[in-house]
Structures are given as C-alpha cells and as structure tokens.
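So that we are looking at the same thing, I have put the structure below in structure tokens.
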Amino acid sequence: MLQVAYIRENKDDVIKRLSIRNIDASQMIEDVITLDEDRRKLQTQLDNTLAESNALSKEIGNLFKTGRAEEANTLKAKTTQLKEDSKQLNESLNAKAAELDELLYKIPNVPHESVPFGTTESDNEEIHREGDVPKLHANALPHWELAKKYDIIDFELGNKITGAGFPVYKGKGARLQRALIAYFLDKNIEAGYTEYQLPHLVNEASGFGTGQLPDKEGQMYHIGADNLYLIPTAEVPGTNLFRGDLLSESELPISITGYTPCFRREAGSYGAHVRGLNRLHQFDKVEIIRVEHPENSYNAFEGMIDHVKGILEELKLPYRILKLCGGDVTFASALTYDFEVYSTAQERWLEISSVSNFETFQANRLKLRFKNSDGKTQLCHTLNGSSLALPRVLAGILENYQTEDGIQIPEVLIPYTGFDKI
RNA sequence: GGAGGAAUGGCAGAGUGGUCGAAUGCGGCAGUCUUGAAAACUGUUGAGGGUCACACCUCCGGGGGUUCGAAUCCCUCUUCCUCCGCCA
C-alpha cells in the first residue's frame with residue numbers, strides 16, 4: 001500500500017510512473033487526496049470535541065472532590081451533547097477512513113524508474129542469457145514422459161488421492177527433490193541467509209500484510225473452520241515474521257531463507273502448457289527474504305540476482321533473466337526480475353524464480369519500521385525471491401540432462417542425491 | 001476438549017474509577033570523570049495522528065459496553081501459563 005503522505009507530496013510523479021503499468025491512475029490519486037483531506041478534517045473536529053469533553057470531565061472530577069456536587073451535575077448535562085457529537089464524528093471518520101483504505105488497496109506499487117513500459121509479458125526485457133542449450137538425442141522426451149518412463153513422478157496417483165496438480169514423487173524422484181531442497185538451502189546459508197522453518201498456514205492478518213488479501217483471495221486455499229489460509233509462498237509467513245516491528249538500524253539487514261510447500265488454487269488453468277510439472281496446486285520452493293535499509297535495498301536486490309545466477313550456473317542449466325515490464329510486474333512490486341530455464345524438450349522457457357523489491361509497499365501495510373540514525377522512524381524495504389522453485393528446475397534437469405540410457409544428475413547434486421543417474 | 005490464572009513501554013514489573021502515557025529496575029542514548037575503556041554519577045529515553053512549531057487527540061493483547069471520566073468495572077475474541085484428558 002502506498003503511503004498517503006507520499007501520494008500527496010508526489011502526486012504527478014505517482015500518476016506518471018503508474019502509467020508505466022499502462023493504467024491511468026489520475027482519478028484514483030485525486031480521490032485519495034480528497035478523501036484524505038476529508039478524513040483529516042473530521043479527525044480534527046473529533047479531536048477538538050474530545051479535548052472539550054476531556055476538559056469538562058477533569059473539571060467535574062475536581063468539583064466532586066471539593067464537595068460541589070451540584071455544579072458538577074450541571075456540567076454533566078453539558079457532556080451529553082459532546083458525547084453525541086463525538087460518536088457521530090467518529091462514525092463518519094471511520095467510514096471515511098475505510099473508503100480511503102479501500103481505494104488505497106486498489107492502487108499498485110509505483111514501478112522503479114528502470115521498469116520499461118509494456119502491456120504484456122512479450123514486452124519484458126531480456127537482460128541476461130547464460131548457458132548452452134544441449135543438443136538432445138532424437139528420442140528426447142518432455143519431462144512428464146520421462147517421469148513415467150523412469151517411474152519417478154506419478155501424476156495419476158495424485159489425481160486419485162487429491163486431484164489434478166498434486167503429483168506424487170517416488171523413489172529417485174523423491175530423493176532428487178529432497179536433494180534440491182537441501183542444496184538450495186545450503187547455498188543460501190552459505191550466502192548469509194538464516195534458515196527458518198515456517199508455518200504452512202497463516203491467518204488473515206498475515207494475508208493482508210503481504211498483500212494477498214483482500215484482492216487475491218481466490219488464489220489461496222482457505223480453511224473455513226479455522227479461518228486460515230494455506231500459504232501460496234514462504235513470502236507470506238516469512239515476511240509477516242516482522243509485522244509490526246520497530247527495528248534498530250543495527251538489526252538491518254535481515255536475511256532469511258526457508259523451504260516450504262506452496263499451495264495455489266490456479267483456478268481455471270488447465271491445458272497443454274500446464275502439463276506435467278509446469279503448473280501445480282502444490283509445489284516446493286526455497287525462498288529468500290530480506291528486510292533492508294531503503295538506501296541499501298537495490299544493492300541487496302543485485303546481490304540476490306547474482307546469488308540465483310550462481311546457483312543456476314552450478315546446476316549448468318541454460319537460463320535467461322527478464323526485467324518485467326510495467327504491465328507484467330506484480331501489484332506490490334516496484335522491480336521484478338524473472339529467471340527462466342530453457343526446457344529443451346518442450347522448446348520453451350519456464351519461470352523458476354522471481355526476485356522483487358517491494359520498497360515500502362509491503363512494509364507500510366506490515367508497519368515494519370526501523371529507527372534511523374536521526375532517531376526518526378522510517379519504513380523498511382522488503383524483498384524476496386525464489387531460490388528456487390522446485391518443479392520447473394526438476395523439469396529442466398530431467399529434460400536437459402536426459403541421455404539415451406538415463407538421466408544424468410548435475411554434479412553439484414550428487415553429494416545430496418547419493419546417485420549420479422536415474 | 002474440561003477447570004483455573006494471566007496479558008501494561010525494548011525487557012522485567014507496579015498500578016483495581018479522576019491528579020496515569022503510566023512508578024521502579026534493567027537496557028538504550030547523551031554528558032561528567034578517564035590517555036582510552038569499564039565502573040560511578042547526572043540527564044534523557046514508547047508509538048501513531050496533528051501543527052511551521054506548540055497546543056491537542058488516540059493507543060496499557062483485539063473488539064464492544066458501563067460511566068461526566070476506564071490500564072482499572074462488565075461482555076466477547078485471541079494468546080500464554082498451571083492442572084486434568086487425549087495424542088505424533
């Protein structure tokens with residue numbers, strides 16, 4: 001959520017930069033400013049009314065104490081009207097504030113100045129490409145065929161016990177999966193991240209904190225009986241760890257990593273290009289999360305990009321990095337780079353990581369602040385990225401490392417798997 | 001799941017109807033002393049809104065209520081602790 005004070009002071013700039021997302025926010029911004037003015041006027045009126053009745057109450061107390069009950073009772077009568085006024089003012093104030101909040105929830109983050117204009121993913125800007133696409137043998141298969149051939153992932157079993165999009169990993173498939181998780185976590189720890197094990201269910205307040213609620217409610221699985229949500233990403237519990245905190249400057253930066261399963265409803269997305277591991281309702285992911293000093297957040301962002309690059313290069317997977325255009329950058333993000341691995345057998349790129357700087361957008365909702373060197377409280381910047389999302393990395397490995405007589409295991413993973421071939 | 005107790009500032013902990021945004025201790029910050037540091041001493045130290053700055057307003061787990069007035073009384077929710085039951 002953008003800060004009202006920021007909108008007020010940078011009105012034209014906010015409108016201009018939101019236009020990079022291909023939206024005309026001028027009316028919304030005007031409305032925010034008007035609503036905010038109204039809200040402050042009501043607040044002042046309410047404050048004055050309360051001040052008056054506070055003063056009267058104090059006087060009444062004194063009168064009672066000095067035994068002048070009659071005078072006190074006269075004053076009491078005067079408070080009735082004030083009470084009525086403040087009640088009404090309070091109601092209008094709440095209504096106005098709710099209206100303002102509702103509008104603010106609808107305004108996406110202001111993109112970073114480097115974000116290119118664009119309307120769809122075809123306008124994303126490729127900024128880096130690395131690794132050679134292997135030449136596969138004539139009988140090369142897509143990963144869902146390989147999974148069946150080597151009996152390492154069973155999609156039908158998942159259908160039986162849960163439904164589509166809940167694969168069952170078996171034997172070496174399960175071990176490879178576990179190896180990847182351990183390898184990613186170790187790489188992250190080596191880079192200075194602290195490992196966390198996080199809850200897989202979160203409450204409503206957490207959903208609001210990172211921005212999944214109220215807008216994207218339909219993307220999360222909801223447990224009605226307990227009013228909890230299954231996490232769509234470790235970002236939600238991981239970032240909400242710091243909700244409401246007022247940190248000292250010396251506590252920054254905070255860098256954490258965690259492995260969690262992720263649950264996404266992905267309503268309506270069925271078809272050829274979501275086959276196999278390409279899109280699932282449950283998948284595993286290792287996430288990196290940072291809470292940063294605003295002055296350092298873009299350094300941190302670059303560091304996260306280099307870190308993910310390093311992992312992909314060790315795995316020797318061909319990948320590219322896209323800078324997302326205004327139309328594709330997510331609601332809460334100011335700048336997002338996507339990593340994609342080339343799936344040789346499918347002849348297409350698969351997104352395996354998304355690294356974002358949210359600047360103060362999440363921190364404002366989370367009330368995540370720090371005390372700066374001047375002793376002033378200031379919002380932190382939050383960032384996160386996948387390192388990495390498992391299924392598509394697995395798809396990439398299976399497809400790119402396949403040979404006529406089996407699938408090679410990337411060298412760095414062998415110590416984790418305990419075998420070098422499937 | 002049943003019975004009881006509790007929730008106060010960064011932490012510990014007092015406060016049971018007005019003078020309480022809140023004693024005291026620890027911690028933090030600044031200063032004195034010191035070559036420097038420690039110790040000691042002195043001062044200072046919650047958050048949000050509002051204002052040019054003051055004033056002023058809100059916040060004692062969340063929400064609601066009683067009262068002229070609530071940290072304090074009532075209702076409700078959440079969380080924690082103790083005991084019992086169940087259990088990986």
Side-chain angles (χ1 to χ4, degrees), chain A residues 1-9 32-101 104 197-209 213-214 222-229 237 240-252 254 261 291 360 362-380:
Chain A
M1 181 164 64
L2 293 174
Q3 296 167 85
V4 178
Y6 181 82
I7 292 177
R8 210 190 302 150
E9 282 154 31
V32 166
I33 290 170
T34 313
L35 284 169
D36 178 52
E37 267 167 21
D38 294 351
R39 201 211 76 220
R40 276 149 65 214
K41 258 178 222 154
L42 285 167
Q43 180 79 63
T44 308
Q45 285 177 45
L46 176 63
D47 286 357
N48 291 339
T49 311
L50 288 173
E52 211 175 315
S53 71
N54 285 347
L56 276 177
S57 292
K58 208 169 264 185
E59 217 175 317
I60 290 167
N62 285 331
L63 288 171
F64 272 125
K65 211 170 298 168
T66 51
R68 291 186 283 172
E70 218 167 287
E71 286 173 65
N73 285 321
T74 317
L75 282 187
K76 260 197 204 182
K78 284 174 77 176
T79 62
T80 318
Q81 183 61 43
L82 286 173
K83 268 181 90 170
E84 185 53 37
D85 289 352
S86 56
K87 196 179 164 192
Q88 275 184 14
L89 282 167
N90 197 32
E91 273 167 25
S92 341
L93 177 65
N94 288 340
K96 194 61 82 175
E99 209 183 323
L100 176 60
D101 280 345
L104 283 170
Q197 285 201 13
L198 298 161
H200 301 167
L201 267 67
V202 292
N203 57 27
E204 229 174 343
S206 297
F208 271 97
L213 296 175
H222 182 227
I223 315 257
D226 300 290
N227 196 24
L228 296 171
Y229 294 86
N240 273 284
L241 248 23
F242 308 101
R243 170 153 46 90
D245 283 3
L246 177 53
L247 305 165
S248 64
E249 202 167 14
S250 62
E251 288 175 90
L252 298 174
I254 293 169
V291 179
T360 60
Q362 286 182 330
N364 189 31
R365 280 201 193 188
L366 292 162
K367 296 273 172 297
L368 202 192
R369 300 148 302 163
F370 72 100
K371 208 161 244 220
N372 67 23
S373 45
D374 300 333
K376 295 260 164 56
T377 48
Q378 209 180 328
L379 291 172
C380 301

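Letters go in sequence order (proteins before strands), and every chain restarts at 1.
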- Between B:C74 and B:C20, how far apart are the P atoms? Round to whole Å, please.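 Taking atom P in both B:C20 and B:C74, they lie 23 Å apart.
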- Item | Validation row: A:Leu100, A:Asp36 side chains within 4.5 angstrom (heavy atoms) |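 The answer is yes; the side chains approach within 4.5 Å.
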- Minimum side-chain heavy-atom gap A:Asn73-A:Phe64 below 4.5 Å: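 Counting from C-beta outward, A:Asn73 and A:Phe64 do come under 4.5 Å.
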- Message: Can you tell me how far apart CG (A:Leu2) and CD1 (A:Ile7) are? Round to the nearest 0.5 Å.
- Response: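 Reported to 0.5 Å precision, the distance equals 5.0 Å.
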- Tell which nucleotide pairs with B:G21, taking only Watson-Crick or G-U wobble pairs whose two distances are both under 3.5 angstrom.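 B:G21 is unpaired by these criteria.
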- May I have the distance from A:Leu50 (atom CG) to B:U58 (atom C1'), rounded to whole angstrom?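 Those two atoms, CG and C1', are 9 Å apart.
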- Please tell me which of the listed nucleotides, B:C68, B:G50, B:C57, lies nearest to the side chain of A:Ile60?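 My answer, after comparing the listed nucleotides, is B:C68.
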- Query: Quantified in whole Å, what is the P atom distance between nucleotide B:A6 and nucleotide B:A22?
  - Reply: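 Here B:A6 and B:A22 have their P atoms 26 Å from each other.
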- Between CG on residue A:Asp245 and SG on residue A:Cys380, distance to nearest 0.5 Å: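 Separation between the atoms: 8.5 Å.
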Solution key, residues 81-90 of chain A side-chain donor-acceptor pairs under 3.5 Å, sequence neighbours excluded:
from, atom 1, to, atom 2, distance (Å)
A:Gln81, NE2, A:Asp85, OD1, 2.9
A:Glu84, OE2, A:Gln88, NE2, 3.4
A:Ser86, OG, A:Leu82, O, 3.1
A:Ser86, OG, A:Lys83, O, 3.0

- Query: Does A:Leu35 reach the side chain of A:Arg39, with side-chain heavy atoms less than 4.5 Å apart?
  - Reply: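 Answer no - side chains too far apart.
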- So what's B:U67 paired with, Watson-Crick or G-U wobble, going by both distances under 3.5 Å?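 Looking at the geometry, B:U67 pairs with no nucleotide.
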- Determine the interatomic distance between P on B:U72 and the same-named atom on B:U67; round to the nearest Å.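 Those two atoms are separated by 16 Å.
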- Query: Between B:C68 atom C1' and A:Glu59 atom CD, what is the distance in whole Å?
  - Reply: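 Spelled out: CD on A:Glu59 to C1' on B:C68 is 11 Å.
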- About how many Å separate NZ of A:Lys58 and CG of A:Leu63, when rounded to the nearest 0.5 Å?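 The CG atom of A:Leu63 sits 14.0 Å away from the NZ atom of A:Lys58.
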- Calculate the interatomic distance between A:Asn364 atom CG and B:G48 atom P; express it in whole Å.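 So the two atoms are 12 Å apart, to the nearest Å.
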- In terms of side-chain heavy atoms of A:Arg39, which of B:G50, B:C68, B:C57 is nearest?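 The nucleotide sitting nearest to the side chain is B:G50.
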- Task: Begin with the C-alpha distance, continue with both residues' side-chain angles, and end with the deciding distance and a verdict on side-chain hydrogen bond (donor to acceptor under 3.5 Å, both in side chains) for A:Thr74 and A:Glu71.
- Result: CA-CA 5 Å; A:Thr74 317; A:Glu71 286 173 65; over 6 Å; no
- Looking just at side-chain N and O atoms, do A:Glu251 and A:Ser248 make a donor-acceptor pair shorter than 3.5 Å?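 Yes, side-chain donor-acceptor contact under 3.5 Å.
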- Which one is paired to B:U78, where only Watson-Crick or G-U wobble pairs with both distances under 3.5 angstrom count?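 Paired with B:A7.
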- Determine the interatomic distance between P on B:A23 and the same-named atom on B:C60; round to the nearest Å.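 Straight-line distance between the two P atoms is 16 Å.
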- Hey, can you pull the residues of residues 77-87 of chain A with a non-hydrogen atom under 4.0 angstrom from RNA chain B?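 Residues of residues 77-87 of chain A that come under 4.0 Å of RNA chain B are, in numerical order, A:Thr79, A:Lys83.
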- Query: Can you check the A:Glu71 CD to B:C68 P distance for me, whole Å?
  - Reply: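 In whole Å, B:C68 P lies 18 Å from A:Glu71 CD.
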- Query: How long is the line joining NZ of A:Lys41 and P of B:C56, in whole Å?
  - Reply: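 Whole-Å distance recorded here is 24 Å.
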- Message: Work out how far the P atom of B:U58 is from that of B:A71, and round it to whole angstrom.
- Response: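 It comes out at 10 Å once rounded to the nearest Å.
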- Item | Check against side-chain hydrogen bond (donor to acceptor under 3.5 Å, both in side chains), A:Asn54 and A:Ser57 | CA-CA 5 Å; A:Asn54 285 347; A:Ser57 292; 5.5 Å; no
- With rounding to whole Å, what would you report as the distance between B:U76 and B:G5 at their P atoms?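 Going atom to atom, P in each nucleotide, I get 14 Å.
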- Query: So what does A:Asn54 touch, heavy atoms closer than 4.0 Å: a base, only the sugar-phosphate, or nothing?
  - Reply: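 Answer is sugar-phosphate: A:Asn54 comes under 4.0 Å of backbone atoms only.
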- Item | Watson-Crick or G-U wobble mate for B:U16, both contacts under 3.5 Å |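 Answer to the pairing question: none, since B:U16 forms no Watson-Crick or G-U pair.
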- Item | Watson-Crick or G-U wobble mate for B:G85, both contacts under 3.5 Å |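 In the structure as shown, B:G85 has no Watson-Crick or wobble partner.
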- Using Watson-Crick or G-U wobble geometry with both distances below 3.5 Å, tell me the partner of B:U32, or none.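 B:A40 is the nucleotide pairing with B:U32.
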- Would you name the heavy atoms of A:Asn372 and A:Gln378 that are closest together and state the gap between them?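 What the structure gives for the nearest pair is ND2-OE1, 2.9 Å.
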Atom pairs, protein N/O to nucleotides 43-47 of chain B N/O, distance under 3.5 Å:
from, atom 1, to, atom 2, distance (Å)
B:A47, OP1, A:Lys371, NZ, 2.2
B:A47, O3', A:Arg369, NH1, 3.3

- Task: Between B:G46 and B:G21, how far apart are the C1' atoms? Round to whole Å, please.
- Result: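 The answer is 9 Å between these two C1' atoms.
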- Expressed as a whole number of Å, how far does the P atom of B:U45 sit from that of B:U8?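 Their P atoms lie roughly 23 Å apart.
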- Message: Can you confirm whether A:Gln3 sits close enough to A:Leu379 that some side-chain heavy atom of one is under 4.5 Å from a side-chain heavy atom of the other?
- Response: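 A side-chain contact under 4.5 Å exists here.
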- Task: Starting from the 5' end of RNA chain B, give me the residue, A:Ala51 or A:Ser57, whose nearest nucleotide shows up first.
- Result: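 Nearest-nucleotide comparison on RNA chain B picks A:Ser57.
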- Item | Rounded interatomic separation in angstrom, taking CG from A:Asn90 and C1' from B:U58 |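 Between C1' of B:U58 and CG of A:Asn90: 10 Å.
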- Nucleotide B:G48, atom C1' - distance to CZ of A:Arg40 in whole Å: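 For the pair A:Arg40 CZ and B:G48 C1', the rounded distance is 15 Å.
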- Query: Taking CZ from A:Arg8 and P from B:U51, how many angstroms apart are they, rounded to a whole number?
  - Reply: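 Atom-to-atom, A:Arg8 to B:U51, this comes out as 8 Å.
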- Closest-nucleotide 5' rank along RNA chain B - winner of A:Lys58 and A:Asp47: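 Result: A:Lys58.
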- Query: Applying a 3.5 Å limit to both distances, which nucleotide forms a Watson-Crick or G-U wobble pair with B:A47?
  - Reply: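 Check on B:A47: paired to B:U58, both distances under 3.5 Å.
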